[in-house]
Amino acid sequence: MTELRSDFMKMFVERGYMHQCTNIDELDAAFAKEPVTAYIGFDCTARSLHVGSLMQIMILRRLQQAGHKPIVLMGGGTTKVGDPSGKDESRPVITDEMIQENMDGIKKVFEKFITFGDGPTDAIMVNNDDWLSGLGYISFLRDYGRHFSINRMLTFDSVKLRLEREQSLSFLEFNYMILQAYDFVELKKRYNCSLQLGGSDQWGNIVNGTELGRRTNGFDLYGLTTPLLTTSSGAKMGKTAAGAIWLNEDMLSAYDYWQFWRNTEDADVGKFLKLFTELPMDEISRLESLEGAELNEAKKILANECTRLAHGAEAAEAAAETARKTFEMGQTADSLPSTEVPKADLEAGIPAFALFNQIGLAQSSSEARKLIKGGGARLNDEKIADEKLVVSLDHLDAEGRIKLSAGKKRHHLIIPV
RNA sequence: GGAGGGAUGCCUGAGCGGUUAAAAGGGACGGACUGUAAAUCCGUUGGCAUUGCCUACGUUGGUUCAAAUCCAACUCCCUCCA
């Protein structure tokens, strides 16, 4: 590999986004020479995206900053088929309405990170359902099916692993990679898009696309993948007690998002700063060289930066301030996640376990009881010793609220109304 | 088409008539220790309920006082033979 020339590729490698590339020299040259249009495909299986997709989102953002054009491809059509990569079972079929709803939610996430519009480097969002739904089966087979070798397809990990592992793979899913390859060609034709980005699990699908483009139209298409991200202790990114770390504020508060990053393992701080913030590299090296407890400062910066990107500067500051009050000053901050409870209910008294369940600090009453029994539940920072404790207006603090905590990190306010 | 094997809780995986809400490990949650870290150790881990009830071992029936465990049919999967 020769020295990289383009700013984008240099950044890409330096920051740790790089995993595999179909032709790094040519791609680098293209980036150095002219604006490149690139896309990443996203499933529409949920109303929001979570941190598992954040790396891809950041790449599109940086791509745009470097003067290139990002395309967000929503897999409205392919979602109906289901990607077999890395999955043991076929995906449940979801309805068109759900797909539309999910797309709307996902678009909101992207609007925070990249600029959409009609300008040359403005991002666009397209839905592959637009061209996939209208395909004629016979003509598609004749024009594109001929270019796919079954022998070859069977060697791709997404298919191979599934077959080796006794799980059945339906013909429907088998077609996923063909459709994704077709997407790439279609995007080249429509938008002169010549690069597909994606996670390393998409490598097979991406390569299929570049090859299909070359065979059918002689296109020069490129693929670039990012590494699969796990934490240093080997866990997949983005799962916690509360569930997935969603990027939409209506699914996960900015405070909780901030907390997620604040709780990063020591060993991951540098890596995450590079991937998920836009701090300059020398600043990052300084931060990651901090030792012991000082590394906590770096974690706060990480949390601030990440929250600022996803939810805005104001929300990030508020989350940081809330955390500071809660964890460092032992105060009860107004801005903790809160739930309004009718005054009348509190007057009558609510069993503590029911309340924990109601506000989401426990998934069920039983779980709440166990939490109390295990000594992990707190009311206004006092451990709840009595399993049958009834919470009432008597428990209001000086500010007229009640603070409930599950463990040392999860806090919630009850506001009587 | 023929012959065997399998389907268990979030996951892996024991159990093969009652003492089994179901071993063990993982994961997750809580506690201790710390730095809102990791590692380690301890506890919890179906739901509802002021100790009793309900739902659970692929689906549906059956045999039994009693079944995840036995029988039958069905569904799906695996292996070998043709």
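If you're wondering where the values come from, they're calculated on a predicted model, not measured in any experiment. The analysis underlying the following values was restricted to heavy atoms, covering all of them including side chains, and did not include hydrogens, waters or symmetry mates.
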Value rounded to 0.5 Å, distance of CG in A:Asn208 from OG1 in A:Thr210: 8.0 Å
Spacing of A:Phe8 atom CZ and A:Met11 atom CE [to the nearest 0.5 Å]: 4.5 Å
I want to check one thing: is the phosphate of [N], taken as OP1 and OP2, less than 4.0 Å away from some side-chain N or O of [X]?
| X | N | result |
| --- | --- | --- |
| A:Lys370 | B:G47 | yes |
| A:Ser364 | B:C48 | yes |
| A:Arg378 | B:G31 | yes |
| A:Lys408 | B:A32 | yes |

Under 4.0 angstrom, heavy atoms only, what part of the nucleic acid is [X] near: base, sugar-phosphate, or nothing?
| X | result |
| --- | --- |
| A:Glu328 | nothing |
| A:Ser365 | sugar-phosphate |
| A:Gly407 | sugar-phosphate |
| A:Lys299 | base |
| A:Ala267 | nothing |
| A:Arg324 | nothing |

Criterion side chain to side chain donor-acceptor pair (under 3.5 Å) on A:Gln196 and A:Gln180, from CA distance to verdict: CA-CA 11 Å; A:Gln196 180 177 183; A:Gln180 185 168 331; 3.0 Å; yes
Name the pairing partner of [N], where a pair is Watson-Crick or G-U wobble with both distances under 3.5 Å, or state none.
| N | answer |
| --- | --- |
| B:C33 | none |
| B:U12 | B:A24 |
| B:U63 | none |
| B:C57 | none |
| B:G52 | B:C48 |
| B:A38 | none |
| B:G4 | B:C78 |

Separation of atom [atom1] in [X] from atom [atom2] in [N], rounded to whole Å:
| X | N | atom1 | atom2 | value |
| --- | --- | --- | --- | --- |
| A:Glu291 | B:A37 | CD | P | 18 Å |
| A:Ile372 | B:G31 | CD1 | C1' | 15 Å |
| A:Ile301 | B:U36 | CD1 | P | 17 Å |
| A:Arg369 | B:U50 | CZ | P | 6 Å |
| A:Arg262 | B:A37 | CZ | C1' | 8 Å |
| A:Trp261 | B:A37 | CH2 | P | 17 Å |
| A:Leu404 | B:G30 | CG | C1' | 16 Å |
| A:Leu371 | B:G47 | CG | P | 13 Å |

Side chain of A:Gln259 (C-beta onward), nearest among B:A37, B:U36, B:G47: B:U36
Per A:Phe353 side chain, nearest of listed nucleotides B:U36, B:G35, B:A49: B:A49
First of A:Gly374 and A:Lys388 reached from the 5' end of RNA chain B, by closest nucleotide: A:Gly374
Residue whose nearest RNA chain B nucleotide is more 5′ - A:Glu294 or A:Gly376: A:Gly376
Rounded [atom1] spacing from [N] to [M] in Å:
| N | M | atom1 | result |
| --- | --- | --- | --- |
| B:G27 | B:C11 | P | 16 Å |
| B:A66 | B:C54 | P | 16 Å |
| B:C10 | B:U44 | C1' | 15 Å |
| B:C70 | B:G5 | P | 12 Å |
| B:C29 | B:G46 | P | 16 Å |
| B:U79 | B:G31 | C1' | 48 Å |
| B:A14 | B:A7 | C1' | 15 Å |
| B:C53 | B:U34 | C1' | 44 Å |

Validation row, ring centre A:Trp261 to ring centre A:Phe276 under 6.0 Å: yes
Near-ring test A:Tyr182/A:Phe140, centroid separation under 6.0 angstrom: yes
Geometric cation-pi criterion A:Lys299 and A:Phe272, 6.0 Å radius, 45° cone: no
A:Phe353 six-ring centre to A:Arg369 NZ/CZ under 6.0 Å and within 45° of normal: yes
Short N-O contact, A:Glu297 and A:Lys300, less than 4.0 angstrom: yes
